[in-house]
Colleague: 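Sharing a structure, written as structure tokens. Questions coming.
Letters A, B, ... mirror the listed sequences (proteins, then strands); counts begin at 1.
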Amino acid sequence: NAGVTQTPKFQVLKTGQSMTLQCAQDMNHEYMSWYRQDPGMGLRLIHYSVGAGITDQGEVPNGYNVSRSTTEDFPLRLLSAAPSQTSVYFCASRPGSSGSYSEQFFGPGTRLTVL
Amino acid sequence: GENVEQHPSTLSVQEGDSAVIKCTYSDSASNYFPWYKQELGKRPQLIIDIRSNVGEKKDQRIAVTLNKTAKHFSLHITETQPEDSAVYFCAASPMGAGNMLTFGGGTRLMVKP
């Protein structure tokens, strides 16, 4: 298993540009999520999905869109990049089952710089 | 929503000493508390977790304690080694479908040889 994969590893954008960060997992996990990590602020939840066709907002959703058309893929779209979106983005997945919790697996991250 | 605070933000210890990192949470419905280790430039990786029906859990040199009444939990690392140097994050979540983790701000642990 490749686990959780993310592309690209690095990206530089100009203010106002749009782009999609890709995330895929091959573990048949129901739950997937996107976090951003800023220095000294830990990981903050952007959006998450509990299954194909179902998404919801996290703590910091503004400026980002997501969709979940398949179990494997959970892309994150930046609509109009701003310098405040400069961060490291982590995708994560975990098995889903009602009433229980399980380990969350993280992807390797995408380092995004917005000029 | 949940709010998790983590202290200290940096911690420096001598090799062989113990290290303790503390977290508090606000939502009494939270009942799952994992700890992640993140080495420089790498992804966070789970090192230990505890559920609210347990007060303490140990795995070799790592232990976690939970006080539900006071809403705090702690990570204890004994006999620290240079390879323990990393950023450690605590997190909290209610169990159940769709509940995601809320993370603390992280603790940078430095183990001096």
Colleague: If you count heavy atoms of other groups shown closer than 6.0 angstrom to CD of B/Q14, is the number above 12?
Modeller: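 Yes.
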Colleague: At what distance, to the nearest 0.5 angstrom, does CG of B/L101 lie from CD of A/Q104?
Modeller: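 Nearest 0.5 Å value for the CG-CD distance: 5.0 Å.
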Colleague: Would you say B/F89 and A/Q37 make side-chain contact, with heavy atoms under 4.5 Å?
Modeller: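 They are in contact (side-chain heavy atoms under 4.5 Å apart), so the answer is yes.
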Colleague: Is the CD atom of B/Q81 crowded by more than 12 outside heavy atoms at less than 6.0 Å?
Modeller: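 More than 12 within 6.0 Å, yes.
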Colleague: A/V66, A/F106: one ILVMFWY side-chain cluster at the under-4.5 Å cut-off?
Modeller: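 Cluster IDs for A/V66 and A/F106 differ.
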Colleague: A/L45 and A/W34: same hydrophobic cluster, using ILVMFWY side-chain contacts below 4.5 Å?
Modeller: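 No, separate clusters.
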Colleague: Is B/Q38 in contact with chain A via its backbone, its side chain, both, or neither, using a 4.5 Å heavy-atom distance?
Modeller: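 Just the side chain, heavy atoms under 4.5 Å.
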Colleague: Of all the heavy-atom pairs spanning B/P44 and A/F90, show the shortest one and how long it is.
Modeller: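 Smallest heavy-atom distance, with atoms named: CD-CE2, 3.9 Å.
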Colleague: Are there residues of residues 102-113 of chain B that reach to under 4.5 Å of chain A by heavy atoms, and which ones?
Modeller: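 Against chain A, the residues of residues 102-113 of chain B that fall inside the cut-off (heavy atoms, under 4.5 Å) are B/F103, B/G104, B/G105.
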Colleague: Under the side chain to side chain contact (heavy atoms under 4.5 Å, CB included) rule, what do B/R43 and A/F105 come out as? Steps first, then yes or no, please.
Modeller: CA-CA 9 Å; B/R43 73 191 79 186; A/F105 294 87; over 6 Å; no
Colleague: Nearest 0.5 Å, please: how far is CE in B/M100 from OG in A/S49?
Modeller: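 So the OG of A/S49 and the CE of B/M100 are separated by 7.5 Å.
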Colleague: Hydrophobic cluster membership, with links at side-chain heavy-atom distances under 4.5 Å among I/L/V/M/F/W/Y: are B/I50 and B/V20 in one?
Modeller: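 No, B/I50 does not connect to B/V20 through the hydrophobic network.
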Colleague: Kindly work out whether a path of hydrophobic side-chain contacts (I/L/V/M/F/W/Y, heavy atoms less than 4.5 Å apart) joins B/F73 to B/I62.
Modeller: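 Per the 4.5 Å side-chain linkage, B/F73 and B/I62 are co-clustered.
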Colleague: If I measure from the heavy atoms of chain B, does A/V4 come under 4.5 Å with its side chain, its backbone, both, or neither?
Modeller: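 Only the backbone of A/V4 comes within 4.5 Å of chain B.
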Colleague: Is there a continuous path of hydrophobic side-chain contacts, each under 4.5 Å between heavy atoms, that joins A/M32 to A/V60?
Modeller: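 Yes, it is one cluster - the side chains of A/M32 and A/V60 are joined through contacts under 4.5 Å.
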Colleague: When you look at CG of A/L115, are more than 12 heavy atoms from neighbouring residues, nucleotides or ligands closer to it than 6.0 Å?
Modeller: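 It does: A/L115 CG has more than 12 such atoms within range.
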